[in-house]
Structure formats: C-alpha cells, structure tokens
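The block underneath contains the structure these notes are about, expressed in structure tokens.
Atoms within a ligand are numbered from 1 in the order they appear, just like the ligands themselves. For the single chain, residues carry numbers from 1 onward in sequence order.
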Amino acid sequence: MKFDQSNALRPKFHELIPGGAHTYAKGDDQYPEGMAPYIVRGAGCRVFDVDGNEFIEYGSGLRAVTLGHAYEPVVAAARAQLDLGVNFVRPARIELEAAEQFRELVPGAEMVKFSKDGSDATSGALKLARAHTGRVKIAICADHPFFSYNDWFMVSTGIPGGIPESRKSETLTFRYNDIASVEKLFAENPNDICAVLLEAERTAAPRDGFLHKLRDIAHKNGALFIVDEMVTGLRWHKGGAQEVYDIEPDLSTFGKALGNGMPISALAGKREFMELGGLRTERERVFLLSTTHGAESASLAAARRIIQFYNENDVTGTLHRQGKRLREGVLAKVADLGLQDYFTIEGRDCSLLYGTRGPDKKPSQPFRTLFLQQSLRNGLLAPNFIISYSHTDADVDASIAAVAKSLVVYKKALEEGVEKYLTGRSIKPVYRRFN
Ligand SMILES: Cc1ncc(COP(=O)(O)O)c(C=O)c1O
C-alpha cells in the first residue's frame, strides 16, 4: 500500500489550511507519519484515497455518517431539494416540516432550532441557560471529551490560546457517575451555576440513577439539565440516549447522524427556555442561533429523509448488532493472542472505542500509532470501531481479520519494543498547548 500522492499533497494542505485540516481530529498528527490518506470519495462503509487505496472506514465523518457514505435515499432527497433552491430571504416551508418530524423523534423537544454545527447548538443551550438563570458559570462533565470549539468549553482543555484568562473561572467540571463531585460544585458556587451539561453516556453507563440524580440536583439548585446528544442521538436510539434512559432534559443538542454527514445540528428542549429566543416572550430577548446557513434546505431535506428512514428501518438495532459482532470477533482474537491487558474495547456496541496499552499496561500513544499503522496496511481506516449501517457481516468479518493481523505485530512490539515496528513518529494528543 502506497501513500505517495497523499504525502505529496500534505505540504500543500499545510501551506493553505492551518492545521492541514478543517477539524483537528482529522489532522495528520492523529495518524502515523506518512500514512495519513487524503480521501477522494466514499461509498457505504468504504473510502478511496488519492493513491487509489481502498479502506473499510470506522467513525466516518467524525461519527456523522451513520447510514453510510453517499447513501442513496439521503442523496436523492438532498439533490431534489437542490433543484428547488436552498436558501431564501424568508423561511422555507421545509423548516417547519423538519421541525415537526424532529419533534416526533424526540418527545422532549417541544421546540427546536436547527443550525449547522454541534458547537453552535451547545453554545446556544448555554446562552439560554445563562439568560434564564442570570448566572454565568456552567458545570460540564470532565469525562466527556468535546462539547464545542467555543471558548466556554476550550478553556477547560488546556489550550488557552486566544481565550481571555477571565473566562477560566466560568467553566467548572464534575466527574461522570460521581454525584458527590456535582454536589461539591453547587456547594462551592451557590447561585452561580446556570446548568449542568454532559453526554448521557460515553463509555460507562450511568450508575445508581446518576442522570436522574444529576437532573434533580441541578433543578434543586435552580440550574438547567442539558444533555448533549451529538453522538448518542440516532445512534443509541432514534430518540437519543434520553429515550434509552427515560429522562427528559431541559435542553438537548443533536447533530452528526441527523445529517449523515450533511451539515445540520439541532438545539431542542422545553418551550419555557426555547421561547427566550422567540418573538413571543415577555422576558428580555435572547439573540439565539441566527446564521446565514442555519436553515439551508438541502441538509433539512436530508435530515427529513434520514428520520423517515429510521422510522422505517431498525437502524439503531443494526448498529448495535453489527457493533456486537465486531466487538466479540475482535475480543476473541485479542484473547487468542493473550492481549487482554493491552488492547481493550469500551463503549456501547453501537459506538465502540478501542484502547491501546503498552508493556506497562498504561494507555500508550506509540502503541495506538502502531495499531493504526498496521490496520491501515491491512485495509482499515479505523481511529475507533464506530460502526455504520452500511457495514455488512462481510465487512465486519474482514475488519476482524485485519485487526487480528495487526495485533500479531502489536504483540511482537510489546515483546521487542514498539520503536522496532513503528516506521515514524508517534501521534500526539489533540489537546496540547504547543505543537
Ligand atoms: C458530544 C459532542 N458535542 C459537541 C460536538 C461539537 O459538534 P461539531 O463538531 O459539529 O461542532 C461534538 C463533536 O465531535 C461532540 O462529539
């Protein structure tokens, strides 16, 4: 497998685009040196790069492409809308149609506002919570990696560039499944916290009614309970993790799977809060999400078709089933090789993340790099094992075989040293202060 064309493009990307990518998680520094492919096209669960390599891909579009690349019913719906125009000086009827469909999907969504990125939606939720409560501080879950590229979240990551120092005190953190850490925050910041914000679940499931307790504590202290469903929405369940755990957030945010890669996100929730951004409130107005492309209609048409598809097909059941097949198949190979302490899989079947550990059994970036290097060689583009609806049994089985081959080298590297098998530098964490 050759990466010559990709390697020739790399300096050009960096010359023109800061970071050489429009999302840091897609950056070269997240892939083995000289093995970071530039993509030409995708079809289903496969992608094809500029060198003509073909990969089975996982976590496509940063988990947005849940049905599959160029998924025909969705493409057809978006294409049909393109022919009708996508942006007008007044709202298009499709904005209401999409909102009605979304409300049926997510029962707690009494109102919804669409936008383009998840970061817009979570930032909108924070703005509403601040406006409603008159408080500034937000409590976010420290165990969840990303809520927004905006200052209020980035200030918590240790990359302070461009963020005023004064913002630091506005974002507090609590631990998942640790209700005492939440109680402590409210005790130390009385009447200061506008909301608690978290994903309903990432790798660990909520224990001892954690989500319900968190909501109750927030409400007892006059704060809002916000659930970020960017990853869980239309993946855990078509109605999101709030449906799985039978909990109604005050506000929740969706994106990713809602557009199968097309740009659409949603801020949804209780009328009482959402109306602050409306024209019917007696209270002080909130200039909520308001962007030129907020209601661009091709993405709304795609989202409508996607919701319909979920209503007609058991998409999330398939994601869970295929993820389970992948997990079990990989873990069987891991056990065969005796690597249980070194290569792990976490998360729900529909959203699997793997962990790479070195000889000391601690998380290891060089070993992650080695696994990526070997799995790329074996035809996988897999920064995680997040499945799509397009992964067939055969794709999953081929992936298990590719992982098994990769793990044989991984095992040798554990015994003989990772440097011997790595062909380039190690990857680096996304959140770091200096390059
Ligand atoms: C849980 C969560 N929230 C918010 C976001 C931000 O969404 P976007 O990248 O569309 O701005 C992401 C993106 O990865 C996410 O995973």
Atoms of ligand 1 less than 4.0 Å from E199 heavy atoms?
1 (C)
Aromatic ring pairing F146/F153, orientation class (parallel under 30°, perpendicular over 60°, tilted between):
perpendicular
Does a salt bridge link R103 with E110, judged by any charged N lying under 4.0 Å from a carboxylate O?
no
Is any side-chain N of the basic residue among E15 and K12 closer than 4.0 Å to the acidic one's carboxylate O?
no
Atom 10 (O) of ligand 1: the protein heavy-atom neighbour that sits closest, reported with distance to 0.1 Å:
G118 N, 2.7 Å
For ligand 1, which part of K256 has a heavy atom less than 4.0 Å away: the side chain, the backbone, both, or neither?
side chain
Identity and distance of the protein heavy atom lying nearest atom 4 (C) of ligand 1
F147 O, 3.2 Å
Distance alone, cut at 3.5 Å: any donor-acceptor contact between the side chains of N378 and S375?
no
So F343 and F371, would you call those rings parallel, tilted or perpendicular, with 30° and 60° as cut-offs?
tilted
For atom 2 (C) of ligand 1, what is the closest protein heavy atom, and at what distance to 0.1 Å?
F146 O, 3.1 Å
Only heavy atoms of V231, strictly under 4.0 Å: list the atoms of ligand 1 that pass.
16 (O)
Any idea which part of R63 is under 4.0 Å from ligand 1, heavy-atom wise: side chain, backbone, both or neither?
neither
Under 4.0 Å from one or more heavy atoms of D228, ligand 1 contributes atoms 1 (C), 2 (C), 3 (N), 4 (C)
Compute the centroid of each ring, for F48 and then for F55, and state whether the two points are separated by less than 6.0 Å.
no
Could you please spell out the steps behind the side chain to side chain donor-acceptor pair (under 3.5 Å) verdict for E201 and W236?
CA-CA 9 Å; E201 179 179 355; W236 259 234; 2.9 Å; yes
Show the atoms of ligand 1 that are less than 4.0 angstrom away from any heavy atom in S119.
6 (C), 7 (O), 8 (P), 11 (O)
